[in-house]
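Lettering of chains follows the sequences in order, A, B, ..., and the numbering in each one begins at 1.
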Amino acid sequence: MTRLLVGPFNRVEGDLEVTLDIEDGRVSSARVNSPMYRGFEQILQGKRPHDALVYVPRICGICSVSQSVASARALADMGGLSIPPNGQHVTNVILATENMADHLTHFYLFFMPDFTRAVYAGRPWHADAQRRFDPATGEQARQAIAARQRWFTMLGLLAGKWPHTQSIEPGGSTRAVDSAERTRLLARMREFRRFLEQQLFAAPLEQVLSLASADALWDWDARAPLRGDFRMFLAIARDAGLMGLGKGPGRYLSYGAYPQPGAAFVFPRGVWRAESSSLGPLDESGIREDATHAWLADDGGPRHPRDGLTVPAGDKPGAYTWNKAPRLAGEVVETGAIARQLAAGHPLVRDMVERHGGTVFTRVLARLLELARVVPMMEQWMLALEPGEPYCASGALPDEGTGIGLSEAARGSLGHWISVRRGHIENYQIVAPTTWNFSPRDAAGTPGALESALEGAPVLQGETTPVSVQHIVRSFDPCMVCTVH
Amino acid sequence: MDITMPNFNVLWLQSGGCGGCSMSLLCADTADFHGQLRDAGINLLWHPSLSLESGSELIDLLERAADGRLRVDALCIEGSLLRGPNNTGRFHVLAGTGIPMIDWVRRLAATARQVVAIGSCAAWGGITAGGSNPTDACGLQYDDDRPGGLLGASFRSGSGLPVINVAGCPTHPGWVIDSLMALAAGQFSAADLDPLNRPRFYADQLVHHGCTRNEYYEFKASAEKPSDLGCMMEHMGCKGTQVHADCNTRLWNGEGSCTRGGYACIACTEPGFQEPGHPFHETPKIAGIPIGLPTDMPKAWFVALASLSKSATPKRVKANATADHLQVAPAVRKTRLR
């Protein structure tokens, strides 16, 4: 057995280190270290509750709005505030703008560049991959950055700036949109749709949405192979063995995304179990954070986040990361676009996961299909605005209380738990998507989702930073700064 | 581009921050992000979001940079420097190296021609230094507004300049790109830095300049709750009249700014902004007068002008100030001279 210390990873948000045990050219065991601690949960203690809306977006530069939304929901939950329909729609559009940009950034800038590596020089698609996805000179990378820049101008108007807006309030949005501005925003949305339809999918989004099974997808692919970056990904995925690489735990968590006024989520809440192909309810009370292997005090064993504890203990024996290990009813779950789309019954995602499991391929596929699905919805949310009607309810926050804010970031389920006493924050706990996906072992020694997904990954002769490990790590679209916070 | 011009090598590393300044950088107003850098002679040696090199490839690059085999013209650091616990730097050990990030930064800064703090965390400590500052976070050359920080007040990079503080939370992509371009062109000197070592091209402005709420400000017609259109200085905590930045003339993400987004300027380009000493969204006052008055304005004048303008506020401005959309449109009048 040999041991490999791998890091720093880039093209993930933040810093990441992985320790691999390797036997017979495969990873036999992996330990994931989130090597940076900033202490947001400590910083928030003693603050006024509303001030959380300044601090929490700054947990993360890539899922900043997601943090704001989770916090605003926790405050609204505590204060019993409800958002007027306009505020709900605008919040959804702002959040979806960030989430869709993250999917785009992940595909073009974080995930695909690894296929330009020299290790793939012999593959028939390699030169094409370099032409498209080379980080500095790739033509598609250039176009994607430009499309992203234009896309984010929507948040200049809707949220003042991105990242780190303060326009998201417990009662809605501080920025009312008039009908002329809506017209402008719709034009901007359609510009982005054009990028997706011309460059990414090389097909109308409706056509992509109509692909309801694996067979339908492969037929569609075979009619115009390599046309557009999505079909390029399909070709690489088949050739490079991404279908079966990096299998997750088979249990998928979604907190539910994009609540509609007076009605349910667009993508429902729940836990999808692959073994029974069924969606079960989410029991939030079953969440525990286990700090056995974290450099954090773990007095009293695993805790529900409402009673969570964050106290650094840098010399703790057996610890190897700053990240806690969240578990749902004792189980490891995976979260992300794949979980949202499984919960939402996306037929192609469900069919593919049935055939291949949650793997590098299906994670990336689910993300791209979610792009095709959400962008047209955003147009509908904009059209549902009623200019002249209120965007923000106002009301004082109570001096005592607790609140829960659950949301879906691009990379999965994000939860905030706040408790307030005498007008100040007594405890604030954050469990981010990558906290789940990149969790260390728990007290029982059960590895986290990435840790087990890495087991079995091939390691080529002489590799110090195995390319298969990089694919698996990046397939989760990790955000390390959120993970520990 | 003149191919004989030597490239300006930029090495970009992140520590105790959120990565938001990099994400903001990618929103730079250009149709060809990398092309813009190339045209300016800027060569990104490595950037966390934009480079292929991972793991051992990067460590090799850092070693070469640290011992001078690879020329670094600008070392850009994003995020605060985490000195704790007990000055060990263990709150951020650079992955794969076993070496605290603060030690890497000290080594690399010693050989770099320029050292640039990207964002308020790297400049002053920023948000990470908030509350009890559990990680002992600081900036490269400041600890809030106190000179010092990780590198010390007397630090000068190879060029002779102190750390250049491109402060902001996040920092504006234009502030970063314009700074790097000026440095690459050799057109940046000590005279281009303000007293806090921020580039003067943006720090000699006030957020107030170009604020679309100026008419409300003039008449002290004030917002009272989130989403109101009025001036946010009197009640909502806005510090735009005191804060150094060109946010309302060089807009964010096309047409945005904090005040245009409907919320207060919280002074994110200023040291110590993370601990204002009052709730961010409330203006602290004494006897009804805001403590923080517009920069360069004597208090007596402010009080006199405020009371005069309040009594002269047009009905339209007053009505619109506390609504989220226009209640009264400006009257239509003939404007020709007769």
Quick one: which of [options] has the most heavy-atom pairs under 4.5 Å with chain A, could you say?
options                              : result
B/Gly262, B/Ala31, B/Ala129, B/Gly55 : B/Gly55
B/Cys258, B/Ala137, B/Gly96          : B/Gly96
B/Leu94, B/Thr97, B/Leu44, B/Leu229  : B/Leu94
B/Gly261, B/Pro85, B/Gly256, B/Ala95 : B/Ala95
B/Gly254, B/Cys27, B/Ser80, B/Gly19  : B/Cys27
B/Pro134, B/Gly20, B/Ser54, B/Gly131 : B/Ser54

Nearest-0.5 Å distance that lies between atom OG1 in B/Thr135 and atom OH in A/Tyr37: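 If we round to the nearest 0.5 Å, B/Thr135:OG1 and A/Tyr37:OH are 8.0 Å apart.
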Inter-residue atom distance A/Leu109.CG - B/Ser51.OG, 0.5 Å rounding: 11.0 Å
With a 4.5 angstrom heavy-atom cut-off, which part of [X] approaches chain A: side chain, backbone, both or neither?
X        : answer
B/Ala264 : backbone
B/Pro170 : both
B/Ala28  : backbone
B/Cys21  : neither
B/Ile266 : side chain
B/Thr259 : neither

Given the options [options], which has more heavy-atom pairs under 4.5 Å with chain B than any of the others?
options                               : result
A/Thr105, A/Asp134, A/Leu157, A/Ile43 : A/Ile43
A/Arg48, A/His50, A/Lys47, A/Arg175   : A/His50
A/Glu17, A/Arg38, A/Glu13, A/Gln45    : A/Arg38
A/Pro135, A/Gly87, A/Ala141           : A/Pro135
A/Phe40, A/Trp322, A/Tyr391           : A/Trp322
A/Met154, A/Arg58, A/Met480           : A/Arg58

Spell out, as yes or no, whether a donor-acceptor pair under 3.5 Å connects the side chain of [X] to the backbone of [Y].
X        : Y        : answer
A/Asp51  : B/Phe280 : yes
B/Ser227 : A/Cys392 : no
A/Arg11  : B/Leu52  : yes

Any heavy-atom pair between the side chains of [Y] and [X] that's under 4.5 Å?
X        : Y        : answer
B/Asp29  : A/Gln149 : yes
A/Glu389 : B/His325 : no
B/Trp46  : A/Asn10  : yes
A/Ile62  : B/Ser22  : no

B/Glu275 CD: over 12 foreign heavy atoms closer than 6.0 Å: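 Check passes, neighbour count above 12.
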Mind listing the closest non-hydrogen atom pair of [X] and [Y] along with its distance?
X        : Y        : answer
B/Tyr263 : A/Thr174 : CD2-OG1, 3.8 Å
A/Ser394 : B/Lys225 : OG-CD, 3.7 Å
A/Tyr55  : B/Gln274 : OH-O, 2.5 Å
B/Leu26  : A/Ile145 : O-CG2, 3.9 Å

A/Met36 and B/Leu82: CA distance, side-chain angles, deciding distance, side chain to side chain contact (heavy atoms under 4.5 Å, CB included) verdict: CA-CA 9 Å; A/Met36 187 172 82; B/Leu82 307 179; 3.8 Å; yes
Look at [X] together with [Y] and state whether they make a salt bridge at an N to O cut-off of under 4.0 Å.
X        : Y        : value
A/Asp315 : B/Arg90  : yes
A/Arg184 : B/Glu255 : yes
B/Glu53  : A/Arg117 : no

Polar side chain donor-acceptor pair, A/Asp15 to B/His92, under 3.5 angstrom: yes
Interchain contact, [X] with chain B, by part (heavy-atom threshold 4.5 Å):
X        : result
A/Trp151 : neither
A/Pro387 : neither
A/Phe152 : both

Contact listing (chain B partner; residues 161-171 of chain A; heavy atom under 4.5 Å):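 Interface residues of residues 161-171 of chain A: A/Lys161, A/Trp162, A/Pro163, A/His164, A/Thr165, A/Gln166, A/Ser167, A/Glu169.
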Residues in side chain to side chain contact (heavy atoms under 4.5 Å, CB included) contact with A/Gln143, at least two apart in sequence or another chain: A/Glu139, A/Gln140, A/Phe195, A/Gln199
